[in-house]
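Structure first, then comments.
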Amino acid sequence: LAGTVPEEDRCTVERADASLTSSLFLQRFAFSRPVILRGITDNSAFRALCTREKLLAAFGALPVRLSTANTYSYRKVDVPFQEYVEQLLKPQDPARLGSDTLYFFGDNNFTEWGPLFQQYVPPTFRIPGTSPAYSFGIAGSGSGVPFHWHGPGFSEVIFGRKRWFLYPPDKTPHFHPNETTLAWLHYTYPTLPPAERPLECTLRPGEVLYFPDRWWHATLNLDTSVFISTFLG
């Protein structure tokens with residue numbers, strides 16, 4: 001479904017392709033800056049399982065845990081997956097606060113969703129001393145998570161387009177934790193001087209973003225999107 005959020009053509013995140021080796025990844029990006037990776041995985045089989053029809057057939061009756069779309073995700077709500085897709089998977093209301101917006105991402109039951117995740121091909125790059133954990137999500141156009149930080153990880157878009165905004169750990173962004181990314185983009189972003197703007201880019205299906213440890217980031221789905229992250233903890 002087409003989104004209602006304009007895409008920014010400008011991309012200030014460095015890009016790399018399949019020629020990037022593991023040693024170069026560790027040397028240039030793993031501990032210092034984000035990078036968009038293209039052509040390092042082939043998830044066409046996984047993508048085929050993530051259509052609306054396939055997901056509803058496999059998981060429609062199962063409960064999913066939704067989080068509020070604010071920085072701290074205060075509230076959790078359990079609903080059947082089919083109810084989420086048919087009733088709650090809508091474009092973001094610009095007037096709603098993050099605490100009033102429910103978002104399906106991260107709280108996956110790995111027993112129930114495990115067979116799907118087994119088909120996902122994660123990036124091969126690893127950081128010594130970490131192990132990967134998956135977080136799978138589906139969200140409507142204009143939705144997203146406001147600025148927050150955690151450990152390093154990868155995020156891949158399966159369907160749709162996803163806009164990312166990133167700041168290094170020593171540069172705390174100006175935002176309200178209960179303001180949606182859509183509201184921040186409309187009201188705060190235009191007031192930022194060029195030197196205070198985040199690194200940003202729009203990811204398309206097949207592209208993977210890597211973000212280092214403790215980097216601030218916010219996301220905005222430009223379309224109804226399916227996405228999966230690999231957190232390195």
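Side chains are part of it too, since the values below use all heavy atoms of this structure and drop only hydrogens, waters and symmetry mates. Please read all numbers here as calculations on a predicted model, not as lab measurements.
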Report yes if some heavy atom in the side chain of [X] is under 4.5 Å from a heavy atom in the side chain of [Y]; otherwise report no.
X      : Y      : result
Phe104 : Leu89  : no
Leu166 : Pro198 : no
Ile36  : Leu203 : yes
Val85  : Leu56  : yes

Donor-acceptor pairs are to be reported for all side-chain atoms of residues 167-174 against protein atoms at under 3.5 Å, with residues two or more places apart or in another chain.
unit_1: Tyr167; atom_1: OH; unit_2: Glu196; atom_2: O; d: 2.6
unit_1: Lys171; atom_1: NZ; unit_2: Ala195; atom_2: O; d: 2.7

Which distance, rounded to the nearest 0.5 Å, do you find between the OG1 of Thr181 and the CZ of Arg163?
->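 Thr181 atom OG1 to Arg163 atom CZ measures 10.5 Å (nearest 0.5 Å).
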
First locate atom CD of Glu179, then atom CG of Asn70, and finally report the distance between them rounded to the nearest 0.5 Å.
-> 11.5 Å

All ring-ring contact (aromatic ring centres under 6.0 Å, His included) counterparts of [X], not counting sequence neighbours:
X      : value
Trp215 : none
Phe175 : Phe147, Trp216
His148 : His150, His217

More than 12 heavy atoms of other residues, nucleotides or ligands under 6.0 Å from CZ of Arg33: is that the case?
-> yes

Ion pair present between Glu207 and Arg15, side-chain N to carboxylate O less than 4.0 angstrom?
-> yes

Under 3.5 Å, which donor-acceptor pairs link side chains of residues 110-136 to any protein atom two or more places apart or in another chain?
unit_1: Tyr120; atom_1: OH; unit_2: Glu156; atom_2: OE1; d: 2.7
unit_1: Arg126; atom_1: NH1; unit_2: Pro123; atom_2: O; d: 3.0
unit_1: Thr130; atom_1: OG1; unit_2: Ile127; atom_2: O; d: 2.7

Exercise answer: donor-acceptor pairs, residues 95-103 side-chain atoms, under 3.5 Å, sequence neighbours excluded:
unit_1: Arg96; atom_1: NE; unit_2: Asp100; atom_2: O; d: 3.2
unit_1: Arg96; atom_1: NH2; unit_2: Asp100; atom_2: O; d: 2.6
unit_1: Ser99; atom_1: OG; unit_2: Asn178; atom_2: OD1; d: 3.4
unit_1: Ser99; atom_1: OG; unit_2: Asn178; atom_2: ND2; d: 3.0
unit_1: Thr101; atom_1: OG1; unit_2: Gln92; atom_2: NE2; d: 3.1
unit_1: Thr101; atom_1: OG1; unit_2: Leu97; atom_2: O; d: 3.0
unit_1: Tyr103; atom_1: OH; unit_2: Asn221; atom_2: ND2; d: 3.2

Test applied, ring-ring contact (aromatic ring centres under 6.0 Å, His included); reference residue, Tyr210; option that passes from Trp164, Phe31, Phe25 =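 Of all the options given, the one that passes is Phe25.
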
